[in-house]
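In what follows, a single structure is set out as structure tokens and then discussed.
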Amino acid sequence: MSLNETLQEQKEALLTALAEEQGERLDELLPELRSADLAEIVEDILAEEDDLPIALALLDSLPIERRANVLGYLPGEEQTDVAEAMSDETLLAVLEEMGSDERADLFNLLGEDRRETLLRRMARQEREDLKRLASYEEGTAGAIMTSDYVAIPSGMTVSQAMMRVRQTAPDAETVYQLYIIDPDGRLAGTLSLRQLMVARPGARVDDLMIKDVISIPVDQEQEEVARVVARYDLLAVPVIDADERLIGIVTHDDAMDVAESEATEDIHKGMSIGQLEDGVSRVPLWSLYRKRVIWLVLLVFGNLFSGAGIAYFEDTIAAQVALVFFLPLLIGSGGNAGAQAATLMVRGMATGDVGVKDWGKLLGRELLVAGSLGLTMALAVAPIGVLRGGEAVAMVVAMSMVTIVLFGSLLGMCLPFLLDRLGWDPATASAPLVTTLIDASGVLIYFSIATAILTGL
């Protein structure tokens, strides 16, 4: 049985137990489910059943710590709906059990009046920590970091540091990486829990720590944070302020969430779709329409240039009707080659594999590759040209294929760099945009070559 089928059965069993108030059955089912699976069931109830009271009843049947975990797995909109329906006392208890980064994210989703009410009822230290984490700009390291980490003052012995770990570990996001701070709170070094456990009890952490620490500034873009974590295979990366004081860490799982989100955004942009606020199965129809229609309408007008090009060469087409047979093949091939080149460049720029400084080198490489691709495709299609229109048409088709594929590939490769220099997202060099540009230019290239060769003959 697949995971989805199992979840569906468990969901139905939970709904039945809730509806019939079978408390014992509910107590049997809930421990069998992981928090992430429970969150998916709650999400399905809110999306399919549109029944907030049932979702709340399911959450209310969980211990407060488990309830906080489940709430942390919910998408933003569903999380907000559930949180707004909770009483202040319940929501405060849930917030206290959540990780500091998840707590700040949920806090920012609430209305201003609700935020003020909750802040007034919090302890001073907790309130200040929440306000600080919630104040960082979205899309930066500060917005995804957590303040739940193990910090060890410099000068401690190993035995003192182990005692510090025991005291702070219950509230820490991760204990596998420990951070050494000087008296001013600046990051002095780091060491792993394994290093601490195997060291002599009397040894000082200053002598064991790694001083060359990879860290990131609090205002660093979250995409770069994810890239650093992946590049150096880190469990967590420390975040520092302008004075190099340690103020938080970004854990591996949060960095991977960012990487997934950024990749999804780039894929959507790559197909001329605006950023969706939620998953494609949950986003409102109007929002889905609005995100897709703008570029499609613009590209419709872009395709008018293709029609204008065909109209301009009516005499050539009338003289050799066989040319029309090859038009979709040629411009389609150029569009595909251009889309491939654009995708390679956009992804390379997103991962840091290539940059603007590499443009000249990449241009030379693409020239060779695209030329080879064009020649190969020209050889494949030339015999069909002979059969449909004779040797002259075959020559036109072969030359057009090489030229259009070469032009499309170079356009697809260069467009992301041009957009980047203009300060726009390179992902905007999407497949529909590239193919629309190549459609119009391909028509002009094809019929210009045809006019020149066939008129001469």
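Numbers here simply count residues along the sequence, with the first being 1. Computed from heavy atoms alone, side chains included, the values below leave out hydrogens, waters and symmetry copies.
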Open item on the list: One pair to check against side chain to side chain contact (heavy atoms under 4.5 Å, CB included): Leu46 and Leu52. What are the steps and the verdict?
Closed with: CA-CA 6 Å; Leu46 293 172; Leu52 183 58; 3.7 Å; yes
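- Distance check, rounded to the nearest 0.5 Å: CZ of Arg103 to OG1 of Thr146 gives 8.0 Å.
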TODO: Apply side chain to side chain contact (heavy atoms under 4.5 Å, CB included) to Phe326 and Ile384, showing your working.
DONE: CA-CA 9 Å; Phe326 296 96; Ile384 304 175; 3.9 Å; yes
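- In this structure a side-chain-to-backbone donor-acceptor pair under 3.5 Å is present from Ser135 to Arg132.
- Counting heavy atoms from C-beta outward, Asp101 and Glu173 have side chains that approach closer than 4.5 Å.
- Annotation for Glu244: atom CD does not count as buried by contact number, only 12 or fewer foreign heavy atoms lying within 6.0 Å.
- Between the side chain of Glu223 and the main chain of Val258, no donor-acceptor pair closer than 3.5 Å is present.
- Within the 3.5 Å criterion, the main-chain N or O of Glu221 finds no donor-acceptor partner in the side chain of Glu224.
- Tested against Met377 for a side-chain contact (heavy atoms from CB on, under 4.5 Å), the candidates Ile404, Leu330, Asn336, Val405 yield a single pass: Val405.
- Put simply, the side chain of Glu366 does not reach to within 4.5 Å of the side chain of Leu344, judged on heavy atoms.
- With Ser100 contributing its side chain and Ser147 its backbone, the two residues share a donor-acceptor pair below 3.5 Å.
- Listed for the Thr190 side chain is a donor-acceptor partner under 3.5 Å among the backbone atoms of Leu178.
- The minimum heavy-atom distance between Ala68 and Glu97, with the atom names listed, is CB-CB, 3.6 Å.
- In this structure, the side chain of Asn108 does not engage the main chain of Asp105 through any donor-acceptor pair within 3.5 Å.
- Annotation for Arg115: atom CZ counts as buried by contact number, over 12 foreign heavy atoms lying within 6.0 Å.
- Although no hydrogens or angles enter the test, the distance criterion places no donor-acceptor pair under 3.5 Å between the side chain of Asp184 and the main chain of Arg186.
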Open item on the list: Leu362 vs Phe417, test: side chain to side chain contact (heavy atoms under 4.5 Å, CB included). Steps then yes/no.
Closed with: CA-CA 11 Å; Leu362 292 170; Phe417 290 104; 3.6 Å; yes
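- Side-chain atoms of Val218 and Thr140, non-hydrogen and from C-beta on, never get closer than 4.5 Å to each other.
- At a threshold of 4.5 Å between non-hydrogen side-chain atoms, the residues Val205 and Leu196 count as touching.
- Here the shortest heavy-atom pairing between Val158 and Ala199 reads CG2-CB, 3.8 Å.
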Task: Residue pair Arg245, Asp243: steps toward the salt bridge (Lys or Arg N to Asp or Glu O under 4.0 Å) verdict - done: CA-CA 5 Å; Arg245 291 184 301 234; Asp243 297 320; 3.5 Å; yes
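- Nearest heavy atoms, Val213 versus Gly189: CG2-CA, 3.5 Å.
- In terms of modelled atom types and a separation under 3.5 Å, the side chain of Arg114 and the main chain of Ala83 share a donor-acceptor contact.
- Within the 4.5 Å cutoff, the side chain of Val150 has no heavy atoms near those of the Thr174 side chain.
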Task: Ile152 and Met209: CA distance, side-chain angles, deciding distance, side chain to side chain contact (heavy atoms under 4.5 Å, CB included) verdict - done: CA-CA 11 Å; Ile152 299 173; Met209 68 182 183; over 6 Å; no
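- Nearest heavy atoms, Trp359 versus Cys414: NE1-SG, 3.6 Å.
- Using a distance-only test at 3.5 Å, with no hydrogens or angles considered, a donor-acceptor pair links the side chain of Tyr446 to the main chain of Leu323.
- Nearest approach of Ser154 to Asp206, heavy atoms of both residues: CB-OD2, 3.5 Å.
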